[in-house]
Amino acid sequence: MLLLEQIFALISIINLILASVLIFMERRNIAATWAWLIVLLFLPGIGFIFYLILGQRLSKKKLYRLREGEFSHFRAAIDKQKLLLERGELDTNDPAMARHRDMIYMNIVSDGAYYTQDNDVEIFPEGQPLFDAMLEQIEQAKEHVHLLYYIFRNDELGSRLVQLLASKARQGVEVRVLYDAVGSASLPRRFFRPLVVAGGEVISFFPGRIPFLNLRVNFRNHRKLVIIDGKIGYIGGFNVGDEYLGKSKKLGYWRDTHLQIRGKAVYLLQARFFLDWNLSARKRMEESHKYFPEMKESADGVGIQIVSSGPNSEKQQIKHAYLKMIYKARKRIYLQTPYFIPDDSILTALKMAAMSGVDVRVMVPGRPDSKMVYWATHSYLGELLKSGIRCYQYEKGFMHAKTLVVDTQLASVGSANVDIRSFKLNFETNAFLYDSKVAVQLEELFLQDLDECQELTMAAYLNRPIHMRIKESLTRLLSPIL
């Protein structure tokens with residue numbers, strides 16, 4: 001009995017110390033602070049373990065910025081473009097985009113997101129056509145292939161890709177793969193061996209100090225980027241695995257959105273890969289012309305800004321770009337996200353848009369891959385419904401697309417979900433597109449997806465069972481740390 005009392009006293013002391021750290025030292029967001037205090041109070045001991053896994057903050061030594069002189073030609077071009085915007089002299093290929101110069105300027109100031117408008121864009125809503133195109137272009141690569149993924153599966157698609165990359169490495173093509181240590185935690189060490197033996201380079205992002213044990217669930221690299229010869233780039237929501245081809249028995253058909261980009265926006269994808277690679281690798285990649293080849297100018301291409309955010313910055317660049325898009329809406333907002341746990345700013349912006357007469361529609365999965373996130377999402381959907389926002393649950397399979405389309409003019413596609421984890425805790429990258437034709441295509445995809453959805457009405461929401469209401473309330477309290 002005395003031993004149990006001593007253990008309980010020790011746990012209480014640890015809880016008190018952690019609470020003090022949360023309140024006085026880490027200076028967290030107030031909502032996140034209260035969420036952790038609830039966990040520590042009601043789950044003593046277990047709450048401490050959760051904190052070790054989910055609550056650690058990123059050491060300042062891990063933060064990185066563009067080094068002085070690194071990508072210097074980008075700096076000069078960005079400064080010039082910023083000056084043109086200040087003077088109102090930046091021309092846009094699509095005349096309708098002239099009214100969005102303020103958003104272009106904001107992304108340049110907050111993230112150095114150089115605006116390119118000579119790009120060709122192809123949209124992939126399904127995995128099989130995406131990977132067919134990607135593998136074919138990797139097969140044709142002459143100089144280098146760079147891949148960055150949150151999840152790499154040890155399955156048929158993953159093995160097929162590694163074998164192809166190994167073949168290209170044997171041909172003398174530079175191959176580099178960066179994968180997230182937690183997202184791809186199930187990968188056996190031998191998985192990338194054929195590629196490494198062939199001369200390719202493979203590293204993991206923020207691995208654990210102890211093999212097979214990584215307690216750092218926060219600060220993950222959630223980006224999905226592929227760059228081929230510096231001329232072709234891919235960005236979006238698809239990871240590498242058979243489930244993304246719709247082969248998962250649990251989730252079934254996989255609905256996602258990915259972009260293939262040809263044009264100077266690929267330079268920005270390449271630069272992002274450089275930064276993440278150099279943060280993780282012992283041997284740094286050095287800037288070289290071969291990674292940023294010259295491209296033909298185009299007068300009718302798609303305008304794109306590549307915007308990144310993560311715990312290395314306090315600016316929450318992607319969230320702010322979302323907010324800017326929402327506040328600019330005059331007619332319609334179509335939003336797709338697998339995880340909808342917004343903070344007050346996003347929630348307020350969407351509700352204000354709806355109350356201003358904007359047609360706001362939000363689509364989330366009807367089949368969850370995470371029950372806690374699903375319950376938390378439902379708690380927010382009820383709030384949207386009260387403001388006149390139409391909410392839909394995708395039923396055909398799993399909805400994983402992260403897209404936002406506004407007024408058939410602006411669009412965003414990338415890796416960021418509409419949740420606090422994506423906006424603050426993970427490293428994310430989105431493509432913000434300024435082009436009426438691309439926006440129309442994404443709107444049409446959204447409208448097609450409605451055929452596979454069940455609309456959530458206020459009547460149905462109010463009639464949900466009591467156990468669902470309890471789950472929603474509990475997960476809503478913990479939403480800042482999910």
Side-chain angles (χ1 to χ4, degrees), residues 94 96-97 100 121-130 235-238 244 246 251-260 302-304 321-322 325-340 342 346 349-351 353-368 377-378 380-381 384-385 387-414 416-418 430-458 460-461:
D94 186 342
M97 298 304 116
H100 302 305
V121 174
E122 184 173 356
I123 302 169
F124 290 92
E126 295 183 318
Q128 194 64 61
L130 167 68
I235 183 174
F238 282 98
Y244 303 100
L251 298 173
Y253 178 77
W254 192 276
R255 171 66 179 89
D256 216 325
T257 303
H258 221 79
L259 302 179
Q260 178 199 106
V302 176
I304 298 178
Y322 277 6
M325 288 176 67
I326 293 168
Y327 280 122
K328 291 177 74 67
R330 297 293 179 268
K331 297 179 180 178
R332 64 185 68 89
I333 297 171
Y334 292 166
L335 172 64
Q336 291 174 308
T337 179
Y339 314 120
F340 184 74
I346 292 288
L350 289 171
K351 292 191 293 185
M355 290 185 288
S356 301
V358 177
D359 177 15
V360 182
R361 306 190 187 195
V362 175
M363 187 182 299
V364 298
R367 187 181 304 181
T377 292
H378 262 256
Y380 289 101
L381 294 184
L384 296 184
L385 290 171
S387 299
I389 295 172
R390 300 182 70 177
C391 300
Y392 302 87
Q393 294 176 288
Y394 188 81
E395 302 290 350
K396 183 179 180 180
F398 185 62
M399 164 61 66
H400 194 250
K402 305 116 180 352
T403 64
L404 176 61
V405 193
V406 169
D407 288 350
T408 323
Q409 293 185 352
L410 299 175
S412 174
V413 175
N417 301 305
V418 181
N430 277 34
F432 286 84
L433 303 113
Y434 303 78
D435 186 85
S436 300
K437 294 179 181 178
V438 172
V440 166
Q441 293 178 56
L442 290 169
E443 278 195 359
E444 290 175 348
L445 280 173
F446 185 96
L447 294 174
Q448 290 171 20
D449 290 334
L450 291 181
D451 294 335
E452 308 295 343
C453 289
Q454 178 70 43
E455 184 170 3
L456 179 63
T457 64
M458 179 58 75
Y461 185 78

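FYI, the numbering just counts along the sequence from 1.
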Exercise. So, do Q336 and L445 sit near enough that their side-chain heavy atoms are less than 4.5 Å apart?
Worked result: no
For this session: Evaluate the side-chain proximity of L130 to D256: yes if any heavy-atom separation is below 4.5 Å, no if none is.
Result: no
Exercise. Would you find more than 12 non-hydrogen atoms of other residues, nucleotides or ligands less than 6.0 Å from E455 atom CD?
Worked result: yes
Exercise. Do the side chains of Y394 and P365 get nearer than 4.5 Å, heavy atoms only?
Worked result: no
Problem set entry | Option passing side chain to side chain contact (heavy atoms under 4.5 Å, CB included) with K396 (candidates R255, E452, R367) | E452
Exercise. Quick one: does Y334's side chain get under 4.5 Å of D359's, heavy atoms only?
Worked result: yes
Exercise. Which heavy atom of G366 sits nearest a heavy atom of Q393, and at what distance?
Worked result: CA-CB, 3.8 Å
Problem set entry | Spacing of C453 atom SG and E395 atom CD [to the nearest 0.5 Å] | 7.5 Å
Exercise. In terms of the angle between their ring planes, are H400 and W254 parallel, tilted or perpendicular, with boundaries placed at 30° and 60°?
Worked result: tilted
Exercise. Relative to the ring of F238, is the ring of Y244 parallel (under 30°), tilted (30 to 60°) or perpendicular (over 60°)?
Worked result: perpendicular
For this session: Measure the acute angle between the ring planes of F340 and Y380, then classify it against the limits of 30° and 60° as parallel, tilted or perpendicular.
Result: perpendicular
Seminar exercise, completed: Rounding to 0.5 Å, atoms CD (Q441) and OG1 (T408) come to a distance of 12.5 Å
Problem set entry | Those residues that, when tested against Y392, pass ring-ring contact (aromatic ring centres under 6.0 Å, His included) (two or more places apart) | none
Exercise. Do D94 side-chain atoms and G303 backbone N/O form a donor-acceptor pair below 3.5 Å?
Worked result: no
Seminar exercise, completed: Interatomic distance, OH@Y253 vs CD@E126, rounded to 0.5 Å, equals 3.5 Å
Seminar exercise, completed: Scanning both residues in full, the closest heavy-atom pair of Q409 with A96 reads NE2-CB, 3.8 Å
Seminar exercise, completed: Here the gap from N430 atom CG to I235 atom CD1, rounded to the nearest 0.5 Å, amounts to 6.0 Å
For this session: Give the C-alpha distance, both sets of side-chain angles, the deciding distance and a yes or no for side chain to side chain contact (heavy atoms under 4.5 Å, CB included) between F432 and I304.
Result: CA-CA 6 Å; F432 286 84; I304 298 178; over 6 Å; no
Exercise. With a 4.5 Å limit on heavy-atom distance, are the side chains of L259 and L433 in contact?
Worked result: yes
For this session: Report yes if the side chains of R332 and V405 come closer than 4.5 Å at any heavy-atom pair, otherwise no.
Result: no
Problem set entry | Minimum heavy-atom distance between P338 and N417, given as atom pair plus value | CG-OD1, 3.1 Å
Problem set entry | salt bridge (charged side-chain N to carboxylate O under 4.0 Å, His left out) contacts in which one or both residues fall within residues 400-412, not counting sequence neighbours | none
Exercise. In Å and rounded to the nearest 0.5 Å, what is the CG to CZ distance from L335 to R361?
Worked result: 13.0 Å
Problem set entry | Stepwise side chain to side chain contact (heavy atoms under 4.5 Å, CB included) check, T257 with L442 | CA-CA 9 Å; T257 303; L442 290 169; 4.2 Å; yes
Problem set entry | Flag, side chain of R330 to backbone of K328, donor-acceptor distance under 3.5 Å | yes
For this session: Using modelled atom types only, decide if a donor and an acceptor are shared between the side chain of E122 and the backbone of Q260 within a distance under 3.5 Å.
Result: no
Problem set entry | Side chain T337, main chain V418, donor-acceptor under 3.5 Å | yes
Exercise. Is there side-chain contact between C391 and V364, with heavy atoms separated by less than 4.5 Å?
Worked result: no
Exercise. When rounded to the nearest 0.5 angstrom, what is the spacing between OH in Y322 and CD1 in I346?
Worked result: 8.5 Å
